[in-house]
Student: 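Got a structure here, written out as structure tokens. Questions coming.
For ligands, and for the atoms within them, numbers begin at 1 and follow the listed sequence.
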Amino acid sequence: MSIVADFLVIGSGIAGLRAAIALADAGRVIVLTKADPRESNTGYAQGGIAAAIGSDDSPDLHARDTLAAGDGLCLPEAVDVLVREGPRYVRELMEWGATFDADQSGHPALGREAAHTVRRVLHVRDATGRSIGQVLWQMVSTHPRVQVYGDALALSLLTRDGRCGGATFLDREGRVDDVSATRTLIATGGAGQVYRETTNPPIATGDGIAMAFEAGARVTDLEFIQFHPTALNVAGAPRFLLSEALRGEGAWLVNQAGERFVQRYEPAGDLASRDLVARAIVREVNRTGAPVFLTLAHLDADYVRSRFPTITQACRRAGFDLATDRIPVSPAAHYVMGGIETDMCGRTSIDNLFAAGEAACTGVHGANRLASNSLLEGLVFGARAADAMKGSTVQASLTGEAGEPFLEADAAATVPSASDIRDVMWRDAGLVRSRLGLAPLVDQLSGWRAAVSKARAAAPSDRDLRRVASLVTVGLLIARAALRREESRGGHFREDFPQRDDIHWQRRIADRL
Ligand code: FAD
Ligand code: SIN
């Protein structure tokens, strides 16, 4: 079956839904989403959405903090768009029905997160993403010009003569269908599942990044993965996120002996940027041979439980009282700074193909994302991509430097499982990297990728093979980029090159087939 639409949106997180709302003014929109339409990373976002709306804040200050977190690699033009347009789109969300927590005078109560110099994070308790998602979903699901296909797994992009004309997908009955569209937006989110330890839900397998790369699009900055310092660390339990907003409200990281330790490694202490706090935890665990904990026992227990009800419940399920117990934590893969390279309007290197949200790389985050800038990016750049999709079709002019040629390897003897890939990625392309681990990792992933491609050629609509192909492709792109970048910056730390090296590496590098 072939479905015809003006616009195809793949993904129903904040970026896809915001884009679909804008596109519906101009034509028929199809949204494909691989699970329940409300399932996305967006729905799990806890801390909130950053926007310079406070009386002590300004877009310039927000830009300064974003650039500092990005460690010299943000694209200033993209940051400028984010911080200047952000407040307008957040106010629009409020007009559409988003009700952020308010202070006594009715203004949004702004939270604090790491590396923000002022309180700037709008939130709905600790379930901000779910609340924003509901507002957007309500508009999309009732719009007569938007049709949403749930349980519809996009398998590959349809391209001809360097132009994208839609995608093939597997429907919930297991049939392969096509959507033919004049413009396609990839809004498939991140790829935390590439790693054994992650805060991301199972949908986050990097499908859009892999599909775009397979179709010949440029991808950039994939060595930069953000590891969140504080995921719940209980054997057998999911790595549930313990929001940075907890530390923003005064929680402490302590070691087994109950001592605060982050300042021993980082002068900014518990609210230093995520990469620094995550590595401080690794060093403390290595020094003491014991786990580390988050404690809120010195704060008002009623306040803690009412401000963080979702986290309170998750801790209870794991046998802890968030307000009074020490909660064991460890770092986990959280966010992909890189992705499909786009210009400021979501255009990619392929005509008629656009990308927005975590799957895209606008350059806004550089080497490390400032907390709560991701929901904002999805909102602002989702809307901007939609505006460009309604306009004329020009290819993006992109700035990332071309990487080395991508050579296909000989196929390995067996197709790997998802956990094979996730284990080696965690071991060799995680928080601390070196040539010793990365070089063999690239070889192993190249062989695995070739084996998966061969298996997919025989079974192109196999759901599991699509998942494994995404994990192995994105894993390989991360590992290749991490091996190439011989310095340490932001989320990328090489123990064999521990310093930032602006002379050789203050540049972004792209990869393409
Ligand atoms: P997503 O919200 O991930 O949506 C992707 C969509 O694509 C999903 O609907 C998925 O099903 C669909 N999809 C994927 N592959 C396919 C396919 N092959 N075919 C069809 N559909 C597909 N950021 C903040 O700014 N503030 C926070 O407080 C915050 N907290 C977070 C807490 C957690 C636990 C996590 C995991 C992330 C958090 N983030 C936060 C990051 C933020 O939530 C995400 O970066 C952001 O929501 C991404 O939005 P998106 O629209 O790009 O993608
Ligand atoms: C958190 O609440 O700690 C996550 C916020 C983010 O990823 O921006």
Student: What is the closest protein heavy atom to atom 18 (N) of ligand 1, and at what distance does it sit?
Tutor: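 Result: Asp207 OD2, 2.8 Å.
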
Student: What part of Leu241, side chain, backbone, both or neither, has a heavy atom within less than 4.0 angstrom of ligand 2?
Tutor: side chain

Student: With heavy atoms under 4.0 Å as the rule, classify the contact between Arg274 and ligand 2 as side chain, backbone, both or neither.
Tutor: side chain

Student: Within 45 degrees of the ring normal and closer than 6.0 Å to the centroid, is that where the cationic atom of Arg369 sits relative to Tyr335?
Tutor: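 Judged by the rule, Arg369 and Tyr335 form a cation-pi pair.
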
Student: Any salt bridge between Glu249 and Arg125, counting N to O under 4.0 Å?
Tutor: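 Here Glu249 does not pair with Arg125 in a salt bridge, since their nearest N and O are not under 4.0 Å apart.
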
Student: Quick test of your reading of the structure: of Gly48, Gly47, Gly133, Gly339, whose heavy atom lies closest to atom 26 (N) of ligand 1?
Tutor: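 Nearest option to atom 26 (N) of ligand 1, by heavy atoms: Gly48.
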
Student: Got a salt bridge between Arg247 and Asp270, using NZ or NE/NH1/NH2 to carboxylate O under 4.0 Å?
Tutor: no

Student: Taking N or O atoms only and a 3.5 Å limit, does Glu244 qualify as a polar contact for ligand 2?
Tutor: yes

Student: Do me a favour and list the nearest non-hydrogen protein atom to atom 41 (C) of ligand 1 with residue, atom name and distance?
Tutor: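 In this structure, atom 41 (C) of ligand 1 has Ser374 OG, 3.8 Å as its nearest protein heavy atom.
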
Student: Under 30°, 30 to 60°, or over 60°: which ring-plane class applies to His492 and Phe224, parallel, tilted or perpendicular?
Tutor: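 Answer is perpendicular, since the angle exceeds 60°.
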
Student: How close does the nearest protein non-hydrogen atom get to atom 35 (C) of ligand 1, and which residue and atom is it?
Tutor: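 Here the closest protein heavy atom is His334 CE1, 3.5 Å.
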
Student: Check whether any side-chain N or O of Thr188 sits under 3.5 Å from a backbone N or O of Gly208 as a donor-acceptor pair, and report yes or no.
Tutor: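 Yes: the side chain of Thr188 pairs with the backbone of Gly208.
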
Student: Who's the nearest protein heavy-atom neighbour of atom 2 (O) of ligand 1, and how far?
Tutor: Thr42 OG1, 2.5 Å

Student: Please write down residue, atom name and distance for the protein heavy atom closest to atom 14 (C) of ligand 1.
Tutor: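 Among all protein heavy atoms, the one nearest atom 14 (C) of ligand 1 is Thr188 O, 3.4 Å.
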
Student: Say whether Ser372 and ligand 1 are in contact under the criterion: heavy-atom distance to a ligand atom below 4.0 Å.
Tutor: yes

Student: How close does the nearest protein non-hydrogen atom get to atom 36 (C) of ligand 1, and which residue and atom is it?
Tutor: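 Residue, atom and distance for the closest contact: Asn200 ND2, 3.3 Å.
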
Student: Is the number of heavy atoms from other residues, nucleotides or ligands within 6.0 Å of CZ (Arg260) greater than 12?
Tutor: yes

Student: Under 4.0 Å, heavy atoms only, figure out whether ligand 1 is touched by the backbone of Glu358, its side chain, both or neither.
Tutor: both

Student: Of all the non-hydrogen atoms in the protein, which one sits nearest to atom 40 (C) of ligand 1, and at what distance?
Tutor: Ala45 CB, 3.8 Å

Student: I need the nearest protein heavy-atom contact for atom 34 (C) of ligand 1: residue, atom name and distance, please.
Tutor: Tyr44 O, 3.6 Å

Student: Which protein heavy atom lies closest to atom 2 (O) of ligand 2, and at what distance to 0.1 Å?
Tutor: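 Heavy-atom neighbour on the protein nearest atom 2 (O) of ligand 2: Ser243 OG, 2.6 Å.
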
Student: Relative to atom 51 (O) of ligand 1, which among Ala15, Gly129, Gly357, Ala210 owns the nearest non-hydrogen atom?
Tutor: Ala15

